[in-house]
K.L.:
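Once you've had a glance at the structure underneath, I'll fire off some questions.
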There are 2 protein chains.
Amino acid sequence: MNIVQYDTPMAASDRRARHKQQVRREILVAAGELFAQEGYESVSVRRIAEKIEYSPAAIYLYFKDKADLLNQLCEDTFAQLIEHIEACTADAPDPLEGLIRGVRAYIDFGLSHPDQYIVTFVSPPQHQHGAPDIPFEGSVGQQCFRCLESAIGDCRDAGVAPGIDVKTTACTWWASIHGLTSLLIVHERFPWADRNQMIDSLMQTLVAGLLAAPRSAADGSQTVEESERQTSRG
Amino acid sequence: MNIVQYDTPMAASDRRARHKQQVRREILVAAGELFAQEGYESVSVRRIAEKIEYSPAAIYLYFKDKADLLNQLCEDTFAQLIEHIEACTADAPDPLEGLIRGVRAYIDFGLSHPDQYIVTFVSPPQHQHGAPDIPFEGSVGQQCFRCLESAIGDCRDAGVAPGIDVKTTACTWWASIHGLTSLLIVHERFPWADRNQMIDSLMQTLVAGLLAAPRSAADGSQTVEESERQTSRG
DNA sequence: TTGACTTTATGAACATCGTTCAGTACGATA
DNA sequence: TATCGTACTGAACGATGTTCATAAAGTCAA
């Protein structure tokens, strides 16, 4: 940090604001590292304070809550998520490839930011009784879901799966992807199959589902029974 | 409860053992209700004790931990789930139909026992760092997963998808199914597509994935790229 | 430089948490 | 009736998230 000896009044208050932002960032970084290493629940505010050599009470000058700390971290990392997905899908040769790359980017991101992923997607939103509704409209989550919707829409428009309902497909895709990501994080000790093989298998299944989707939009709901009849009795 | 006035010595100790089991059950029921209503983290041992009108310390005569309490509840849930699935799949005409019915039974169970489902599958297992591993081998959870594995194995053996790796497929199926179930429960306010349509869409996708699986076991990992090439450039 | 005012940081405290343990009450046995 | 073992409890411990009065430091007009 620079040592400024003679300030104009305005420069002084500027520097104070800058310093405040800096301390705030310092807290976030420390908290982020500890949460990632040992999990949100088992990291105390006192330990975060100790790491940055402040008193525990100081943290409450910068953040409302311990939860607020994590939420701010989530905002940060999910801005990164969108950035990451867009970077991975930018130069895809076609819509389906873009969709696939985006999904892989999502899974990778979740697995490398497990704590933030759990808080945003896995934990039930109601913390206490009478907790304020956190709005979905305009959230980073919505932005993220729209990313998936538009990627699937592009595939449909490109003729990959002309008959699908984009919203339904986006929901089930998200469900599958989230299912794998969250289970791998939460049930870490489960005797999973090989991780990459599972991701590949899921991607293959999702794509196969797209390609096998009904060619006309009308009769989507009967398809399972049709497939089943074809297979089991033919 | 019967009032027994004259016991033989053996009958007396029997009754005491029975009473102990009864209290144990009482604790589990109370804990289950509270966990379901307000979540594991925000229910204290003291509140559970208060509900059954015992002292907090009494609970530790029956359970090692607060976490142990949760684990016992999960065992119960698994047992119910297995029973439900087996009832639904018992008279299936063929393996694929059995698999499909089992999966639907799983989702239905989750959606109609949302709180138990969350406690068992969604909430991260409560262990500190360096806590002893709770063994998966021999647990009811393993039994449950084997149920899915064997259903998928039966499909493979029946020629539905000869080339698949059963374990990998079981894992990804569970991930997808769990993803949908848990998201529908946890993010209740999310603007989902029609619920039944989503379930149908997921089932269709999973079955399509099975049918499109590689016919030989060797080259599973390349299938996504193959499918994609076929679609986007043809 | 002084003195008033604002911002930043802290130590002590509060309520609550999971958990333990010495000690009590009580039914079963002899 | 006396003894023994089990079931149970009250009080306490250390740790948690959070608050608040207070102190220190910084800012700025005079």
Side-chain angles (χ1 to χ4, degrees), chain A residues 1 3-27 30-31 34-35 38-71 119 127-129 131, chain B residues 3-27 30-31 34-35 38-71 125-132:
Chain A
M1 198 193 337
I3 297 173
V4 181
Q5 283 181 316
Y6 304 102
D7 290 325
T8 67
M10 270 182 58
S13 69
D14 263 15
R15 189 193 46 189
R16 283 208 311 134
R18 210 165 47 240
H19 179 255
K20 178 150 188 176
Q21 273 304 107
Q22 212 169 284
V23 174
R24 200 189 128 94
R25 196 64 7 238
E26 210 176 334
I27 297 173
L34 287 174
F35 289 167
E38 320 186 14
Y40 173 78
E41 293 294 348
S42 52
V43 171
S44 67
V45 176
R46 284 173 174 82
R47 287 233 295 132
I48 299 171
E50 191 181 343
K51 179 159 187 172
I52 58 170
E53 294 178 298
Y54 277 72
S55 82
I59 289 179
Y60 292 85
L61 298 175
Y62 296 86
F63 301 93
K64 183 181 143 290
D65 261 341
K66 190 190 173 192
D68 185 29
L69 216 46
L70 193 55
N71 285 331
V119 166
H127 288 290
Q128 299 282 5
H129 257 287
Chain B
I3 296 174
V4 182
Q5 284 181 316
Y6 304 103
D7 289 326
T8 67
M10 270 183 57
S13 70
D14 264 14
R15 191 193 45 188
R16 284 206 310 133
R18 209 164 47 239
H19 178 255
K20 180 149 190 176
Q21 273 304 107
Q22 212 168 283
V23 174
R24 200 188 128 94
R25 191 81 345 248
E26 211 176 333
I27 297 174
L34 287 175
F35 289 167
E38 319 185 15
Y40 173 79
E41 293 292 348
S42 50
V43 171
S44 66
V45 176
R46 285 173 174 83
R47 287 234 294 133
I48 300 171
E50 190 182 343
K51 181 160 187 171
I52 58 170
E53 294 177 298
Y54 277 73
S55 84
I59 290 179
Y60 291 86
L61 299 175
Y62 295 86
F63 300 93
K64 179 182 145 290
D65 261 341
K66 191 189 172 193
D68 186 28
L69 217 43
L70 184 62
N71 287 330
Q126 292 312 126
H127 47 43
Q128 304 283 14
H129 263 269

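Values below: every heavy atom of this structure, side chains too, minus hydrogens, waters and symmetry copies. First the proteins, then the strands, lettered A, B, ... as listed; each starts at 1.
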K.L.:
What's the CG-P distance between B/D68 and C/dT20, to the nearest Å?
P.N.:
12 Å
K.L.:
Which heavy-atom pair separates A/V45 from A/P56 by the least distance, and what is that distance?
P.N.:
CG1-O, 4.1 Å
K.L.:
Polar atoms only, N or O, under 3.5 Å: list the protein pairs with nucleotides 23-25 of chain C and their distances.
P.N.:
none

K.L.:
How close or far is atom P of D/dT18 from atom NZ of A/K64, stated in whole angstroms?
P.N.:
8 Å
K.L.:
Could I get a table of every N or O pair under 3.5 Å where one atom is in the protein and the other is in nucleotides 4-6 of chain D?
P.N.:
{"residue": "D/dT6", "atom": "O3'", "partner": "B/R16", "partner atom": "NH1", "Å": "3.4"}

K.L.:
Residues in side chain to side chain donor-acceptor pair (under 3.5 Å) with A/D68, at least two apart?
P.N.:
A/Q72
K.L.:
Can you list the residues that meet the side chain to side chain donor-acceptor pair (under 3.5 Å) rule with A/R46, with sequence neighbours excluded?
P.N.:
none
K.L.:
Working to the nearest 0.5 Å, report the span between OG of A/S44 and CD of A/E38.
P.N.:
9.5 Å
K.L.:
Could you state the CZ-C1' distance from B/R24 to D/dA7, rounded to the nearest angstrom?
P.N.:
16 Å
K.L.:
When the distance from CD of A/E26 to C1' of C/dT8 is rounded to whole Å, what number comes out?
P.N.:
14 Å
K.L.:
Could you list, one pair per line, each protein nitrogen or oxygen that sits under 3.5 Å from a nitrogen or oxygen of nucleotides 15-17 of chain C, together with the distance?
P.N.:
{"residue": "C/dC17", "atom": "OP1", "partner": "B/S44", "partner atom": "OG", "Å": "3.3"}

K.L.:
Roughly how many Å is it from CD in A/Q22 to C1' in C/dT8, rounded to a whole number?
P.N.:
15 Å
K.L.:
Distance from B/R47 atom CZ to B/S42 atom OG, nearest 0.5 Å?
P.N.:
8.0 Å
K.L.:
Identify all side-chain donor-acceptor contacts of residues 57-67 of chain A below 3.5 Å with residues at least two apart in sequence or on another chain.
P.N.:
{"residue": "A/K66", "atom": "NZ", "partner": "A/Y40", "partner atom": "O", "Å": "3.0"}
{"residue": "A/K66", "atom": "NZ", "partner": "A/V43", "partner atom": "O", "Å": "2.7"}

K.L.:
Rounding to an integer number of Å, can you tell me how far B/R18 CZ sits from C/dA28 C1'?
P.N.:
16 Å
K.L.:
Check side chain to side chain donor-acceptor pair (under 3.5 Å) between B/K51 and all other residues, then give those that pass, not counting sequence neighbours.
P.N.:
B/E33
K.L.:
Taking atom P of D/dC8 as reference, at what distance in whole Å does atom CD1 of B/I27 sit?
P.N.:
8 Å
K.L.:
Without decimals, in angstroms, what is the distance between B/H19 NE2 and C/dG27 P?
P.N.:
12 Å
K.L.:
What residues from residues 54-63 of chain B pass a heavy-atom cutoff of under 4.0 Å to DNA chain C?
P.N.:
B/A57, B/Y60
K.L.:
Residues two or more places apart in sequence or in another chain: which of them pass salt bridge (Lys or Arg N to Asp or Glu O under 4.0 Å) with A/R24?
P.N.:
none
